[in-house]
K.L.:
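Please read through the structure below; I'll follow up with questions.
Count residues from 1 along the sequence. Only a predicted model underlies this, so the values are computations on that prediction, with no experimental measurement involved. Any value given below was found using the heavy atoms of this structure, including those in side chains, with hydrogens, waters and symmetry copies removed.
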Amino acid sequence: MTELAELSALLHSRIRDVPDYPEPGVMFKDITPLLADPSAFTALTDALAEFCVANGATKVVGLEARGFILGAPVAVRAGLGFIPVRKAGKLPGATLSQSYDLEYGSAEIEVHAEDVVAGDRVMVIDDVLATGGTAEASVRLIRRAGAEVAGIAVLMELGFLGGRERLLPALDGAPLDALLMV
């Protein structure tokens with residue numbers, strides 16, 4: 001078995017399916033067993049850090065909330081700074097914000113204005129790529145700050161929700177990497 005196949009099998013084996021959560025008909029992908037397994041969490045962190053290094057990232061952005069859990073150790077492993085992208089109203093001081101549309105309404109994310117600057121190459125890290133709304137908003141936010149998007153890397157992509165198709169135009173050639181396709 002190849003190294004990538006071994007990693008995929010390890011990660012898959014530590015993700016628990018929770019039917020009908022948070023509502024009937026939804027199959028929730030619970031990553032807490034993966035996080036609780038030091039070998040699996042380390043393998044995940046190493047793989048995501050390799051994406052950062054390979055794409056010349058200078059900083060890592062983690063998307064609230066599980067992107068914080070993954071992004072911070074990835075940044076440490078890759079020797080990069082970590083920047084949390086938060087829901088609106090959660091950061092003190094001067095912020096840059098980006099609103100985006102949801103299926104039923106809209107939302108807004110923020111970053112401290114001084115944390116992302118011209119010359120930065122920022123890798124966005126998150127646990128799941130679903131519809132791509134938050135990831136697309138983060139790409140726009142990073143560019144508005146004057147920085148370059150090094151790419152997006154996620155643990156898993158829910159391909160049936162179309163997030164990749166939504167994101168590719170916004171990425172403008174920057175890579176989108178998913179360790180697992182669901």
K.L.:
Go through the structure and list residues passing side-chain hydrogen bond (donor to acceptor under 3.5 Å, both in side chains) with Ser97, not counting sequence neighbours.
P.N.:
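Partners of Ser97 by the side-chain hydrogen bond (donor to acceptor under 3.5 Å, both in side chains) criterion, ordered by chain and then number, come out as Glu108.
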
K.L.:
Looking at residues at least two apart in the chain, or sitting in another chain, which of them share a side chain to side chain contact (heavy atoms under 4.5 Å, CB included) with Asp172?
P.N.:
Arg143

K.L.:
Do you know which two heavy atoms are closest between Ala145 and Leu96, and how far apart they sit?
P.N.:
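In terms of heavy atoms, the two residues are closest at CB-CD1, 3.6 Å.
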
K.L.:
Going by the rule side chain to side chain contact (heavy atoms under 4.5 Å, CB included), which residues pair with Leu10 if we only count those two or more places apart in sequence or in a different chain?
P.N.:
Ser13, Arg14, Ala40, Ala43

K.L.:
If a pair satisfies ring-ring contact (aromatic ring centres under 6.0 Å, His included) and one of its residues is in residues 1-30, list it, with sequence neighbours excluded.
P.N.:
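Found Tyr21-Phe28.
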
K.L.:
side-chain contact (heavy atoms from CB on, under 4.5 Å) with Val60: which of Pro73, Pro84, Cys52?
P.N.:
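Considering Pro73, Pro84, Cys52, a side-chain contact (heavy atoms from CB on, under 4.5 Å) with Val60 is found only for Cys52.
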
K.L.:
So which atom in Gly119 and which in Thr58 form the shortest heavy-atom distance, rounded to 0.1 Å?
P.N.:
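Residues Gly119 and Thr58, closest heavy atoms: O-OG1, 4.5 Å.
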
K.L.:
Measure across Val139 and Ala170 and return the closest heavy-atom pair with its distance rounded to 0.1 Å.
P.N.:
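Taking Val139 first and Ala170 second, the nearest heavy atoms are CG1-O, 3.6 Å.
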
K.L.:
Going by side chain to side chain contact (heavy atoms under 4.5 Å, CB included), name the residues that satisfy it together with Thr2, two or more places apart in sequence or in a different chain.
P.N.:
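Testing Thr2 for side chain to side chain contact (heavy atoms under 4.5 Å, CB included), a comparison that skips the adjacent residues, returns Leu4, Ala5.
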
K.L.:
What pairs with Ala54 under side chain to side chain contact (heavy atoms under 4.5 Å, CB included), at least two apart in sequence or on another chain?
P.N.:
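Partners of Ala54 by the side chain to side chain contact (heavy atoms under 4.5 Å, CB included) criterion come out as none, since no residue qualifies.
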
K.L.:
My understanding is that only residues two or more places apart in sequence, or in another chain, count here; which of them pass side-chain hydrogen bond (donor to acceptor under 3.5 Å, both in side chains) with Glu136?
P.N.:
Arg140, Arg166

K.L.:
Any side-chain heavy atom of Leu70 sitting closer than 4.5 Å to one from Leu35?
P.N.:
yes

K.L.:
In a table with atom names and distances, give each donor-acceptor pair under 3.5 Å that connects a side chain of residues 148-156 to protein atoms at least two apart or in another chain.
P.N.:
unit_1 : atom_1 : unit_2 : atom_2 : d
Glu148 : OE2    : Arg121 : NH1    : 2.5

K.L.:
Is the closest side-chain heavy-atom distance between Phe41 and Ile69 below 4.5 Å?
P.N.:
yes

K.L.:
Stepwise, does the side chain to side chain contact (heavy atoms under 4.5 Å, CB included) test hold for Lys29 with Asp17?
P.N.:
CA-CA 5 Å; Lys29 300 294 186 182; Asp17 286 343; 2.6 Å; yes

K.L.:
Can you name the residues that form a side-chain hydrogen bond (donor to acceptor under 3.5 Å, both in side chains) with Ser138, not counting sequence neighbours?
P.N.:
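If we apply the side-chain hydrogen bond (donor to acceptor under 3.5 Å, both in side chains) test to Ser138, skipping adjacent residues, there are no hits.
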
K.L.:
Restricting to pairs with a member in residues 45-69, which pass salt bridge (charged side-chain N to carboxylate O under 4.0 Å, His left out), not counting sequence neighbours?
P.N.:
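Output for this query lists Asp46-Arg77, Lys59-Asp120, Glu64-Arg86, Arg66-Asp127.
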
K.L.:
Ignoring hydrogens, what is the shortest heavy-atom contact between Arg16 and Pro33? Give both atom names and the distance.
P.N.:
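Smallest heavy-atom distance, with atoms named: CB-CG, 4.0 Å.
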
K.L.:
Considering all heavy atoms of both residues, which atom of Ala147 and which atom of Val116 are nearest to each other, and what is their separation?
P.N.:
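Here Ala147 and Val116 meet closest at CB-CG1, 3.4 Å.
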
K.L.:
Are any of the side-chain heavy atoms of Val61 and Val111 separated by less than 4.5 Å?
P.N.:
no

K.L.:
Extract all donor-acceptor atom pairs below 3.5 Å that involve side chains of residues 174-182 and protein atoms in other chains or at least two apart in sequence.
P.N.:
none

K.L.:
Scan residues 48-95 for pairs that pass ring-ring contact (aromatic ring centres under 6.0 Å, His included), counting only residues two or more places apart or in two chains.
P.N.:
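Passing the test, one end in residues 48-95: no pairs.
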
